[in-house]
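Throughout, protein chains are lettered first and strands after them, A, B, ... in sequence-line order, and every chain is numbered starting at 1. Values in this document were obtained by computation on a predicted structure and should not be read as measured data.
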There are 4 protein chains.
Amino acid sequence: MHSQRFYTLFLSCPDRVGIVARVSGFIAEHQGWILESSHHADEESNRYFMRVEIRADSLPFQLAELCARFEPIAREFGMDWRITDSEVKKRVVILVSKQEHCLYDLLARWQSKELDIEIPCVISNHETYRGFVEWHGISFHYVPVTADNKQQAYAEVERLFDESSADTMVLARYMQILSPDLCRKYPGQIINIHHSFLPSFVGAKPYHQAYQRGVKLIGATCHYVTEELDQGPIIDQDVIRIDHSDSVEDLVRYGKDIEKAVLARGLRYHLEGRVLVNGNRTVVFR
Amino acid sequence: MHSQRFYTLFLSCPDRVGIVARVSGFIAEHQGWILESSHHADEESNRYFMRVEIRADSLPFQLAELCARFEPIAREFGMDWRITDSEVKKRVVILVSKQEHCLYDLLARWQSKELDIEIPCVISNHETYRGFVEWHGISFHYVPVTADNKQQAYAEVERLFDESSADTMVLARYMQILSPDLCRKYPGQIINIHHSFLPSFVGAKPYHQAYQRGVKLIGATCHYVTEELDQGPIIDQDVIRIDHSDSVEDLVRYGKDIEKAVLARGLRYHLEGRVLVNGNRTVVFR
Amino acid sequence: MHSQRFYTLFLSCPDRVGIVARVSGFIAEHQGWILESSHHADEESNRYFMRVEIRADSLPFQLAELCARFEPIAREFGMDWRITDSEVKKRVVILVSKQEHCLYDLLARWQSKELDIEIPCVISNHETYRGFVEWHGISFHYVPVTADNKQQAYAEVERLFDESSADTMVLARYMQILSPDLCRKYPGQIINIHHSFLPSFVGAKPYHQAYQRGVKLIGATCHYVTEELDQGPIIDQDVIRIDHSDSVEDLVRYGKDIEKAVLARGLRYHLEGRVLVNGNRTVVFR
Amino acid sequence: MHSQRFYTLFLSCPDRVGIVARVSGFIAEHQGWILESSHHADEESNRYFMRVEIRADSLPFQLAELCARFEPIAREFGMDWRITDSEVKKRVVILVSKQEHCLYDLLARWQSKELDIEIPCVISNHETYRGFVEWHGISFHYVPVTADNKQQAYAEVERLFDESSADTMVLARYMQILSPDLCRKYPGQIINIHHSFLPSFVGAKPYHQAYQRGVKLIGATCHYVTEELDQGPIIDQDVIRIDHSDSVEDLVRYGKDIEKAVLARGLRYHLEGRVLVNGNRTVVFR
C-alpha cells in the first residue's frame with residue numbers, strides 16, 4: 001500500500017503478443033510512474049491478467065481522461081478492465097447475524113483506517129449489535145428473515161445496498177442464504193466467509209462435520225458468492241491445527257480466529273483490485 | 001473447556017516416584033472424576049509438572065476443604081500448587097496505548113463470553129479509547145506517563161490494579177516500560193505481547209528491524225513480564241509470511257493480526273492455569 | 001524420545017473414577033519411574049485413553065512379568081491395552097510405486113536412526129527402485145499388479161508381510177488400492193499417505209481436482225487404511241499455500257514436500273504408540 | 001515452471017519512467033511471447049527489479065543474438081542483467097558433513113528431475129556419504145578440514161568448484177566456516193542452510209540456544225553466504241511449532257524437516273533466477 005495517490009488499472013484479455021508492451025508503452029508515453037505491476041498468463045484459459053498501480057501525480061491528466069485515452073487499447077485487445085482511484089474510498093455494506101467476531105474485527109480495522117473504507121450501513125437479521133454499530137456512527141438496519149418473508153427481506157437488503165451506493169457486500173458470518181436473484185445481480189461484489197476449508201464441509205455446521213471426521217486441521221474460506229451455495233470462486237483460505245482434546249466448542253472458538261483473519265485479508269485483496277475472477281478460480285495479485 | 005463446573009489443580013515439584021499415584025489416589029479416594037490430566041517431567045531441572053481438572057460435583061466437599069485435604073500431600077512432595085474453581089471468574093486489567101487492535105479483540109472475546117472473565121478496568125496513557133471502553137460498561141482510567149512522572153504513574157497503575165483485586169495485568173500493546181518494582185511485585189501475573197518473534201528484534205521498532213534484516217517471516221511473542229525487557233518466559237509465539245513487496249507499514253499491519261491472535265491464545269492458556277513457569281521457560285498444557 | 005530404555009503402556013477403556021489412580025498406583029508400588037504420561041477423556045464416547053512411559057531400569061522385573069502383573073487391572077477396567085519395549089525395534093514394510101520422494105525420505109530417516117526401525121523389505125509394483133533399496137541392504141520384492149492378477153498380487157503382499165513378522169505396512173505413495181480383505185486383516189497396521197487434505201479430493205488425481213476448484217492451500221493426509229477408500233482414521237495432516245501462478249505440476253511438486261513430512265510424522269507417532277484409534281477418529285498423544 | 005523452452009531475463013536498475021515499456025516493447029517488437037513477468041519497485045533504494053520468461057520459439061533468433069540486441073537497452077538504463085536459457089542446466093556442487101537429511105533430499109529431487117540440474121560433484125570433510133553419492137553416479141571428493149589445513153582445504157574446494165564449471169555451491173549442512181576469500185569470490189553463488197530462524201541464534205548449536213530460551217517455534221534460514229557468518233541476504237525461512245515436552249534432540253529432529261524443505265525451496269528460487277539481491281535483502285519472485 002502506497003502513501004501517494006495512485007490509479008490502479010486492472011484488466012484481463014485473451015493472451016497474445018504485445019499486451020504488456022502496449023499497456024506499458026501507453027503509460028510511459030504519458031510519463032506515468034509505475035508503483036507496482038503484476039501479471040499472470042493463464043495457460044489453461046489462454047487469458048492474460050494484469051494489474052498496474054500508477055502514481056496519479058506523474059500523469060498530466062485526471063482519471064476520466066486516463067480512462068478515455070485507454071479505451072481504444074482496451075477495445076483493440078478485447079479487455080475486461082477498470083481503473084480506480086486510491087482517493088475514492090470503497091463503500092462496503094456489512095451483513096451480520098448473531099456472532100460478533102468478524103464485525104468487531106472489521107470495525108477495528110475501519111476505525112484505525114487500516115481498512116480505509118466507508119461503511120454506509122450494517123444490516124442484520126438480529127438487533128444484537130445495533131448499539132455497538134451505532135456507537136461507531138454507522139447506520140444499523142434490522143431486517144428480520146423468517147421462513148415466510150424471505151423474498152421481501154432480500155428485496156429490502158437489495159434496496160439498502162443500492163441506496164448506499166456500495167461496491168461490496170460482506171457476509172460477516174451472516175447465517176442466511178441469499179436469494180439466487182441477489183447473487184446473480186452482484187457478481188464479484190458479494191464476499192462470504194465460510195467456516196470450513198472448502199470444498200470440505202459445505203453447508204451447515206461445518207465444525208461438527210470436521211469433528212466427526214476427525215480432521216487434524218480446521219479452516220475457513222473467503223469466497224465470492226454465487227448462486228450455488230459455497231461453490232463460488234475462492235479468494236483466500238487458511239487453517240489452524242487442532243487435536244483430539246478439542247471439542248466442537250473448541251473448534252468453533254479456534255475457527256473464529258481463522259474466519260476473521262481470512263475475511264479481512266480477502267476483503268482487502270478485493271478492495272485493492274487484487275482479485276481477478278478467472279472462471280470459477282481467482283487470480284490474487286498479493 | 002468443559003461446561004460443567006470443575007476444579008483445576010496445578011502443581012510442580014521435584015520429580016520422584018509416586019507423584020501421580022499419590023495425587024490421583026487422593027482424587028479417586030474421594031470419587032473425583034478427572035476431566036483432563038496433563039503431565040510433564042522436565043529432565044533438565046528434574047521437576048514434575050501436573051495439571052488436573054476434576055468435576056466439582058463428583059467430590060463430596062467444596063474447594064476450601066479440597067485444599068485443606070490436599071495440603072499434607074503438597075507438603076510431603078514439596079509442591080508449588082494451587083487449586084482454582086471454574087466458577088470464580090478471573091479478573092483481568094488491560095493496559096493499552098494508542099493502538100486498538102488488541103483492545104478490540106479482547107473486548108470482542110469478553111463480550112461473547114469466549115473469554116469468560118471480569119475486566120474491572122482499562123488503564124491507558126492516552127484518552128483515545130475512553131469512549132469505546134466505557135460504552136462496554138468498563139471503567140477507564142487515564143494515567144499519563146511522561147519522562148518526569150513515571151514513578152507516580154506506575155504507583156497509580158499499581159494502586160488501580162490492587163484496588164481491582166485483579167489476578168492478571170495484560171499489556172495489550174501498552175507502549176511504556178513498567179518499572180522493575182512493578183515487574184517484581186507481580187511475577188507470572190503480567191502478560192505482554194511483543195511485536196517480534198523473540199529473541200529476534202528486542203526493544204523498539206521491531207518491524208523496522210525486521211524489514212532492514214530482510215526476514216521472510218515476522219512474528220509476535222506473548223510472554224510474562226520480568227525486570228529484563230522482553231526477556232521473560234515465553235507463553236506463545238506465531239509468525240506470518242511476508243515478502244519483498246511489503247513495506248514497513250505492511251509489516252505493521254500483518255503483525256497486528258499475529259499479535260492479537262497470540263495474545264488472546266497466551267492469555268487464555270494463562271487464565272485456565274495451563275501455563276507453569278519452569279525457570280525462564282514455560283510448560284504450556286495446551 | 002528418551003535415551004534410556006523404557007516400557008510404553010497404552011490403553012483405552014470405558015471412563016470411570018479411579019483409572020489413573022489404579023494404573024499409577026500399580027506403577028508406583030513397583031517403584032516405576034514415569035518419563036511421560038498422557039491422558040484423554042473422550043466425552044462423546046465416554047472412553048478414557050492413556051499412555052505412560054516407564055523407565056525400564058526402575059522396575060524390579062522384565063516386560064513379561066510387567067504384563068502379567070498388569071493383566072488383572074486391565075481385566076477389571078475392561079481395557080484395550082499393550083505394553084511395548086523401546087529396545088524392541090518395530091518392523092516396517094514399505095510399499096512404493098514410481099514416485100520416489102517418500103521412499104528416499106523414509107530411508108534417509110532410517111539410515112540416520114532417526115527412525116530406529118527394521119525394514120525387512122520394500123515391495124513395489126515397479127522395478128524402478130530395486131537398485132536404490134538394495135544398495136541400502138534392504139530386500140526388494142517386485143510384485144506387479146495388473147487388472148487380472150490383483151487377487152494373486154495381494155496374496156503375495158500378504159505373504160511377504162507375514163513372513164517379515166512386520167508390525168506395520170506403509171503405503172509410501174503406493175498407487176494401487178489394497179483388497180478389502182487385506183485392509184480388514186491388519187486394522188490399525190496399514191498407514192497410507194493420501195495426497196490431499198481429506199475429506200477434500202478423495203480418490204484419483206487430487207491435485208487436478210484442487211487446481212480445478214481453485215483452492216489456495218493444498219495438503220496431505222496420513223491415515224490408517226480401512227476398507228473404504230480414503231475414509232480411515234486420520235493420524236496427521238498438513239497444508240501448504242499455493243496461488244494462481246501454480247500449475248498442476250507445481251501443485252504435485254509442492255505436495256510431495258507435505259506428503260513426505262506428514263507421512264514421516266504420522267508413522268513416527270504410530271510406531272511410538274502415540275496413536276490410539278477412537279472409532280473413526282484418533283487420539284494422538286504428541 | 002513451463003514445459004516449453006524459454007529464456008529468462010532478469011534485471012535491476014535505478015527506477016525511472018519507461019523501464020517496463022522499453023523492455024516489453026523490445027520483446028513485442030520481436031514477437032516474443034511472455035510466459036511470466038514479475039516486477040518490483042523498491043521505494044527505499046529507488047531500484048526497479050524485473051524478471052520475464054519469454055518462449056524461446058516465439059523469437060526469431062537465438063540467445064546470443066537476444067543478448068546482443070538487448071545490450072544497448074541495458075546500457076541505457078544502467079541495468080544489472082542476465083538472460084538464461086531453460087535448456088542449459090545449472091551446475092550445482094554440494095558440500096556436506098555428517099548429517100544426511102539435506103543430501104538425501106537434494107539427490108531425491110535431482111534423480112526425479114524435480115531439480116533438473118547437473119551435480120558435477122559432492123565435496124565432504126567426511127567419507128561418510130561416498131558410497132551413497134557414488135551409487136548415484138556422482139563424483140565424491142573427500143576434503144578433510146582440520147585446524148591446521150584450512151587454507152589448503154578451501155583452496156581445494158575452490159579448485160574443485162572451478163574445475164566443475166559450476167554456477168552454485170550449496171552448503172547442505174556443511175559444518176565448516178568457509179574462508180572470507182572464498183565467500184568474496186562467489187557473491188550470490190554460495191547458498192547455506194542455517195538451522196535457526198535468523199537473526200535469532202546465530203552461530204553454533206542454535207537448537208540448544210532455542211531450547212534454553214524456551215521459544216515455541218523453531219526455524220531454518222536459507223541465505224547467501226557472505227564474509228559475515230549468518231549475516232548474508234536471506235532467501236527463504238520457515239518455522240515449526242514445538243512445545244515444552246520437546247528435548248533438544250527433538251528440536252534437532254524437527255529442525256531437519258524444516259532445513260531440507262527451506263533449502264530445496266531457496267535453491268530452486270535461486271536456480272530459476274527468481275532471487276535478485278537488493279543490498280542485504282532479496283527480491284524473490286515466487
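Contacts of residues 219-235 of chain A with chain C at a heavy-atom distance below 4.5 Å involve A/D230, A/Q231, A/G232, A/I234, A/I235, listed in sequence order. Using a 4.5 Å heavy-atom cut-off against chain C, no residue of residues 175-185 of chain A qualifies as contacting.
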*Kindly indicate, with the supporting measurements, whether the criterion ring-ring contact (aromatic ring centres under 6.0 Å, His included) is fulfilled by A/F201 and A/H208.*
CA-CA 9 Å; A/F201 313 133; A/H208 288 77; over 10 Å; no

*Under the side-chain hydrogen bond (donor to acceptor under 3.5 Å, both in side chains) criterion, do A/H270 and A/T168 qualify, and how do the steps go?*
CA-CA 9 Å; A/H270 167 81; A/T168 301; 2.9 Å; yes

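Figure legend: C/R16 and C/F77 shown as a cation-pi pair, the cationic atom lying under 6.0 angstrom from the six-membered ring centre and within 45 degrees of its axis.
Looking at every heavy atom in both residues, A/D246 comes nearest to A/D250 through CA-OD2, 3.5 Å. Scanning both residues, A/H101 and A/E259, for their nearest heavy atoms gives NE2-OE1, 2.6 Å.
Of all the listed residues (A/D238, A/N278, A/L198), the one sharing the greatest number of non-hydrogen pairs under 4.5 Å with chain C is A/D238. For the options C/N280, C/V239, C/V284, heavy-atom pairs under 4.5 Å to chain A are most numerous at C/V284.
Contacts between A/D42 and chain C at a heavy-atom distance below 4.5 Å involve the side chain alone, from C-beta outward. If you measure heavy-atom distances from A/Q209 to chain C, you find no contacts under 4.5 Å at all. Residue A/R241 touches chain C through its side chain alone, counting heavy-atom pairs closer than 4.5 Å. Looking at A/D243, there are no atoms closer than 4.5 Å to chain C (heavy atoms on both sides), in backbone or side chain.
Residues A/F10 and A/W81 place their aromatic rings such that the two centres sit no closer than 6.0 Å.
Distance check: A/H194 NE2 to A/Q237 CD gives 10.5 Å after rounding to the nearest 0.5 Å. Rounded to the nearest 0.5 Å, atoms CZ (C/F49) and CG (C/L276) are 6.5 Å apart. Considering CZ of C/R286 and OG of A/S245, their distance stands at 12.5 Å, rounded to 0.5 Å. Remark: A/Y174 OH to A/M169 CE distance equals 9.0 Å, nearest 0.5 Å.
A salt bridge links A/D236 with A/R265: at least one charged nitrogen is closer than 4.0 Å to a carboxylate oxygen.
Side-chain atoms of C/R47 and C/H40 form no donor-acceptor pair, as typed in the model, at a separation below 3.5 Å.
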